[in-house]
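Have a look at the structure below before the remarks.
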Amino acid sequence: MPSHHNVRNGRIPTSATSISAPRPLAGSHIDRVVDFANDNCSFSFKYLQLQDTTFPAEHTDATYYYKIVERLKALSSMAVSDLLTSRSDALRCHPINWNDKRVSRNGFGIPREEELYDCPYQISVSQEAYGRLHGFFTGNIFNIVWFDKDHSLYPGR
């Protein structure tokens, strides 16, 4: 196995030393690599899709959003490498495979999406309930795209 791994094709870095430095721009494609392995996770709502009919944000009670904020607070104290390599059932952080037949979408539908990330991820909101957060990393920032309260991305699971 190569001495470094990036998150392309669902490969997850196994240690802080195994994460490669970002590559320069190659044409119009930006290869995003998590190179802030020891930095704590931060979060962005820049790409949040509140109006998506599959992942509606309205008509959701305050408890749900409290659980999201509670999870984001906890995750913000974790190093990116710890989050990406954890096998915890409570986190359920793993790549999303758009080609998986069980997945209800084939992308986020963001303009020029292929330039933003190489590997989408999902993170559990809590161990017992409240669904998942779907998005992608840019460095140590997890860009949240969907709140998936009802597990709609993987409807059969």
Side-chain angles (χ1 to χ4, degrees), residues 5-13 16 19-20 22-23 29-60 63-100 102-157:
H5 307 283
N6 66 24
V7 293
R8 181 180 284 285
N9 298 325
R11 289 185 291 179
I12 300 173
I19 298 176
S20 62
R23 288 185 260 172
H29 181 73
I30 301 170
D31 191 3
R32 300 293 183 188
V33 182
V34 178
D35 71 317
F36 298 92
N38 294 317
D39 290 352
N40 287 356
C41 295
S42 292
F43 300 91
S44 170
F45 298 95
K46 180 179 179 178
Y47 299 100
L48 182 63
Q49 298 176 5
L50 293 171
Q51 306 303 320
D52 191 289
T53 57
T54 304
F55 309 99
E58 65 233 9
H59 310 296
T60 302
T63 302
Y64 177 69
Y65 292 108
Y66 177 83
K67 291 292 186 182
I68 288 175
V69 172
E70 188 175 59
R71 173 58 92 192
L72 297 179
K73 180 181 180 197
L75 294 174
S76 68
S77 66
M78 290 184 72
V80 171
S81 61
D82 293 340
L83 176 62
L84 294 179
T85 59
S86 173
R87 295 294 172 242
S88 166
D89 284 342
L91 289 175
R92 290 189 185 97
C93 178
H94 64 79
I96 298 167
N97 179 355
W98 297 127
N99 297 318
D100 185 332
R102 298 171 296 170
V103 176
S104 64
R105 296 287 186 93
N106 61 3
F108 291 121
I110 299 169
R112 299 176 60 129
E113 183 170 339
E114 66 281 355
E115 296 178 12
L116 296 174
Y117 68 89
D118 287 321
C119 185
Y121 280 88
Q122 78 166 18
I123 302 171
S124 179
V125 174
S126 72
Q127 188 167 357
E128 298 84 32
Y130 300 104
R132 310 283 186 266
L133 303 173
H134 303 292
F136 58 92
F137 279 97
T138 305
N140 68 317
I141 300 169
F142 186 71
N143 298 276
I144 300 170
V145 180
W146 297 321
F147 299 138
D148 188 2
K149 179 182 176 185
D150 299 318
H151 305 273
S152 297
L153 187 62
Y154 291 90
R157 289 179 117 175

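Side chains included, hydrogens not; waters and symmetry mates left out as well; all remaining heavy atoms used. Just so it is clear, the structure is predicted and the values come from calculations on it, not from any experiment. When a residue number appears, it is its place in the shown sequence, counting from 1.
Looking at V125 and R132, their side chains never come closer than 4.5 Å, going by heavy atoms from C-beta outward. For the pair F137 and L84, the minimum side-chain heavy-atom distance is below 4.5 Å. Residues L133 and V145 have side chains not in contact (no heavy-atom distance under 4.5 Å, counting atoms from C-beta outward). Residues T138 and L116 have side chains not in contact (no heavy-atom distance under 4.5 Å, counting atoms from C-beta outward). Inter-residue side-chain proximity for I96 and L153 is flagged as met; some heavy-atom pair is nearer than 4.5 Å. For the pair F108/P120, a side-chain contact is recorded, criterion being any heavy-atom separation below 4.5 Å from C-beta on. Side chains of C93 and L83 form a contact here, defined as non-hydrogen atoms less than 4.5 Å apart. Taking the side chain as every heavy atom from C-beta outward, H134 and I123 never approach each other to under 4.5 Å.
Side-chain atoms of S126 come within 3.5 Å of backbone atoms of A129 as a donor-acceptor pair (strictly under, hydrogens ignored). Of the possible donor and acceptor atoms, none in the side chain of R71 sits under 3.5 Å from a partner among the backbone N and O of I68. A distance-only check finds a donor-acceptor pair linking the side chain of S104 to the backbone of S152 [under 3.5 Å]. A donor-acceptor pair is defined here as one N or O able to donate and one able to accept, closer than 3.5 Å; no such pair exists between the side chain of N140 and the backbone of C41. When atom types are taken as modelled, the side chain of E115 and the backbone of R112 share no donor-acceptor pair closer than 3.5 angstrom.
Partners of Y64 by ring pair (Phe, Tyr, Trp, His ring centres under 6.0 Å), not counting sequence neighbours: none found. Under the rule for a ring pair (Phe, Tyr, Trp, His ring centres under 6.0 Å), the partners of F136 that lie at least two apart in sequence or sit in another chain are Y47, Y117. Looking at residues two or more places apart in sequence or on another chain, you find a salt bridge (Lys or Arg N to Asp or Glu O under 4.0 Å) between K67 and E70. For F43, there are no ring pair (Phe, Tyr, Trp, His ring centres under 6.0 Å) partners, not counting sequence neighbours. For N97, the side chain to side chain contact (heavy atoms under 4.5 Å, CB included) test picks out N99, D100, with sequence neighbours left out. Contacts of D52 classified as salt bridge (Lys or Arg N to Asp or Glu O under 4.0 Å), with partners at least two apart in sequence or in another chain: R105.
Interatomic distance, Q122 CD to R92 CZ, rounded to the nearest 0.5 Å: 9.0 Å. Rounded to the nearest 0.5 angstrom, T54 OG1 and Q49 CD are separated by 10.0 Å.
Y65 OH: more than 12 foreign heavy atoms inside a 6.0 Å radius.
The minimum heavy-atom distance linking S81 with T85 is given by the pair O-OG1, 2.7 Å. Nearest heavy atoms, G109 versus E113: N-OE1, 2.8 Å.
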Open item on the list: Apply side chain to side chain contact (heavy atoms under 4.5 Å, CB included) to residues S86 and L91 and explain how you reach the verdict.
Closed with: CA-CA 8 Å; S86 173; L91 289 175; 3.3 Å; yes
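When each of F55, Y121, F45 is paired with W146, the ring-ring contact (aromatic ring centres under 6.0 Å, His included) condition holds for F55 and for no other.
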